[in-house]
*Asks:* 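Quick one: the structure is below, and I'll ask about it shortly.
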Amino acid sequence: MISNYRELIAATGQEHEPQRLLFVFCRAELPDSASAEELAAFERGEGGALTPVVCVDKTPAEVADFSQLVDESRNTGQNWDVVFVAAMSGRGGVPPSSDEAQQPMTMMVESIRMGHVGNYLPLDVSGEAVSLG
């Protein structure tokens with residue numbers, strides 16, 4: 001079980017084929033129609049919906065350190081609370097290209113919008129895995 005970004009990068013190096021990582025940065029939000037109870041829970045860090053705000057694909061070498069990824073994400077001007085990560089395997093010793101990552105990235109964003117996040121590694125702003133249960 002991977003518990004942080006550093007372990008994720010180490011795991012990609014153990015794979016038989018080179019990897020490309022897909023990142024979907026999400027902001028926690030409450031709908032305007034939220035009740036007082038929902039608002040109170042949200043203020044305690046519970047509940048709400050995760051809305052994708054930025055997505056990017058990178059090779060592990062391009063973002064070996066989590067701070068690089070955070071800095072790049074902050075340059076977009078979008079605040080985020082959780083980043084979901086998935087990995088794609090290459091073929092024949094060649095990592096997938098950004099073009100090859102586009103369809104899986106789109107599917108990942110839609111899956112997250114629908115609340116189906118079990119296939120992705122959720123990390124907080126410090127690069128630690130979080131439980132969304």
Side-chain angles (χ1 to χ4, degrees):
M1 182 98 181
I2 295 173
S3 63
N4 59 46
Y5 189 78
R6 190 173 47 261
E7 291 176 8
L8 171 67
I9 294 300
T12 64
Q14 302 299 316
E15 292 294 320
H16 178 68
E17 292 288 350
Q19 304 288 299
R20 178 165 291 278
L21 298 174
L22 309 179
F23 300 94
V24 177
F25 297 84
C26 297
R27 179 174 36 243
E29 298 179 334
L30 262 185
D32 292 335
S33 61
S35 69
E37 290 173 2
E38 290 171 323
L39 179 59
F42 186 75
E43 288 173 351
R44 290 191 308 269
E46 302 168 6
L50 292 170
T51 303
V53 293
V54 175
C55 57
V56 68
D57 63 277
K58 300 279 186 180
T59 65
E62 290 175 315
V63 285
D65 186 76
F66 192 69
S67 64
Q68 292 172 275
L69 187 65
V70 170
D71 289 346
E72 186 175 317
S73 73
R74 297 294 184 216
N75 288 337
T76 68
Q78 294 289 334
N79 292 326
W80 57 274
D81 300 295
V82 175
V83 59
F84 290 96
V85 188
M88 290 178 63
S89 290
R91 291 177 301 281
V94 178
S97 69
S98 278
D99 286 343
E100 291 172 305
Q102 289 312 300
Q103 182 181 4
M105 179 74 76
T106 300
M107 292 169 50
M108 185 177 173
V109 168
E110 287 308 311
S111 181
I112 291 167
R113 281 193 177 125
M114 298 187 67
H116 303 290
V117 298
N119 292 331
Y120 313 118
L121 174 65
L123 300 171
D124 65 15
V125 296
S126 64
E128 296 295 320
V130 294
S131 171
L132 300 174

*Asks:* In the structure I gave you, are the side-chain heavy atoms of Thr76 and Val53 within less than 4.5 Å of one another anywhere?
*Replies:*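 No, too far: nothing below the 4.5 Å cut-off.
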*Asks:* Pro60 versus Leu21: any side-chain heavy-atom pair under 4.5 Å?
*Replies:*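 Answer yes - side chains close enough.
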*Asks:* Going by an N to O cut-off under 4.0 Å, is there a salt bridge joining Glu72 and Lys58?
*Replies:*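 Salt bridge between Glu72 and Lys58, a charged N being under 4.0 Å from a carboxylate O: yes.
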*Asks:* Could you grab the distance from atom CZ of Arg113 to atom CG of Leu50, nearest 0.5 Å is fine?
*Replies:*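 CG of Leu50 is found 12.5 Å from CZ of Arg113.
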*Asks:* Tell me the closest heavy-atom pair linking Ala101 and Arg20, and the distance in Å.
*Replies:*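 Smallest interatomic distance, heavy atoms only, reads CB-CD, 3.8 Å.
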*Asks:* Given Trp80 and Val54, is the side-chain contact (heavy atoms from CB on, under 4.5 Å) satisfied, shown in steps?
*Replies:* CA-CA 9 Å; Trp80 57 274; Val54 175; over 6 Å; no
*Asks:* Heavy atoms, side chains only, cut-off 4.5 Å: are Ser73 and Gln78 in contact?
*Replies:*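 No, their side chains stay 4.5 Å or more apart.
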*Asks:* Would you kindly confirm whether Met107 and Val85 end up in one hydrophobic cluster when ILVMFWY residues are joined by side chain heavy atoms under 4.5 Å apart?
*Replies:*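 No, because Met107 and Val85 fall into different hydrophobic clusters, even though each may have its own neighbours under 4.5 Å.
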*Asks:* Looking only at non-hydrogen atoms, find the nearest pair between Val125 and Val70 and report the distance.
*Replies:*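 Scanning both residues, the minimum pair turns out to be O-CG2, 4.0 Å.
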*Asks:* State whether the side chain of Ser111 and the backbone N or O of Met108 hold a donor-acceptor pair below 3.5 Å, judged by distance alone.
*Replies:*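 Side chain of Ser111 to backbone of Met108, a donor-acceptor pair under 3.5 Å: no, none is there.
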*Asks:* Distance from Phe25 atom CZ to Leu69 atom CG, nearest 0.5 Å?
*Replies:*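 Output value for this atom pair is 4.0 Å.
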*Asks:* Of all the heavy-atom pairs spanning Ala64 and Ile9, show the shortest one and how long it is.
*Replies:*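 Scanning both residues completely, I find the closest heavy atoms to be O-CG1, 3.9 Å.
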*Asks:* For Val94 and Glu17, work out which heavy atoms get closest and say how close.
*Replies:*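 Between these two residues, the closest heavy atoms are N-OE1, 4.3 Å.
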*Asks:* Do the side chains of Tyr5 and Val63 get nearer than 4.5 Å, heavy atoms only?
*Replies:*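 Counting from C-beta outward, Val63 and Tyr5 do come under 4.5 Å.
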*Asks:* Are Ile2 and Phe66 connected in a single hydrophobic cluster, I mean Ile/Leu/Val/Met/Phe/Trp/Tyr linked by side-chain heavy atoms less than 4.5 Å apart?
*Replies:*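 Yes, it is one cluster - the side chains of Phe66 and Ile2 are joined through contacts under 4.5 Å.
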*Asks:* If you count every heavy atom of other residues, nucleotides or ligands that lies below 6.0 Å from Arg74 atom CZ, does the total exceed 12?
*Replies:*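 For Arg74, atom CZ is crowded (more than 12 foreign heavy atoms under 6.0 Å).
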*Asks:* Quick one: does any side-chain atom of Glu15 pair with a main-chain N or O of Thr12 as donor and acceptor, under 3.5 Å?
*Replies:*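 Here the side-chain-to-backbone pair does not exist.
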*Asks:* If hydrophobic clusters are built from ILVMFWY residues whose side chains come within less than 4.5 Å, do Met88 and Leu123 share one?
*Replies:*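 No, Met88 and Leu123 fall in different hydrophobic clusters.
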*Asks:* Nearest 0.5 Å please: distance from the OH atom of Tyr120 over to the CZ atom of Phe84.
*Replies:*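 If we round to the nearest 0.5 Å, Tyr120:OH and Phe84:CZ are 9.5 Å apart.
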*Asks:* If I compare all heavy atoms of Asn79 with all of Arg27, which pair ends up nearest, and what's the gap?
*Replies:*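 Scanning both residues, the minimum pair turns out to be O-NH1, 3.2 Å.
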*Asks:* Within the 3.5 Å criterion, strictly below it, is a donor on Asp124 or Ser126 matched to an acceptor on the partner's side chain?
*Replies:*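 There is such a pair between these side chains.
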*Asks:* Hey, are Gln19 and Ser89 close enough side-chain-wise for a donor-acceptor pair under 3.5 Å?
*Replies:*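 Their side chains do contain a donor-acceptor pair, which is all the 3.5 Å distance test asks for.
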*Asks:* For residues Met105 and Val83: do they belong to one hydrophobic cluster (side chain heavy atoms under 4.5 Å, members Ile, Leu, Val, Met, Phe, Trp, Tyr)?
*Replies:*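 Different hydrophobic clusters.
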*Asks:* Quick one: CD on Gln102 to CG on Leu22, what's the gap to the nearest 0.5 Å?
*Replies:*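 These two atoms lie 9.0 Å from each other.
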*Asks:* Under a 4.5 Å side-chain heavy-atom rule over Ile, Leu, Val, Met, Phe, Trp and Tyr, are Val109 and Val82 clustered together?
*Replies:*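 As far as the 4.5 Å side-chain criterion goes, Val82 and Val109 are connected within one cluster.
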*Asks:* Check Pro96 against Pro18 and note the closest heavy-atom contact, atom names and distance.
*Replies:*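 Shortest heavy-atom separation between Pro96 and Pro18 comes out as CD-O, 4.0 Å.
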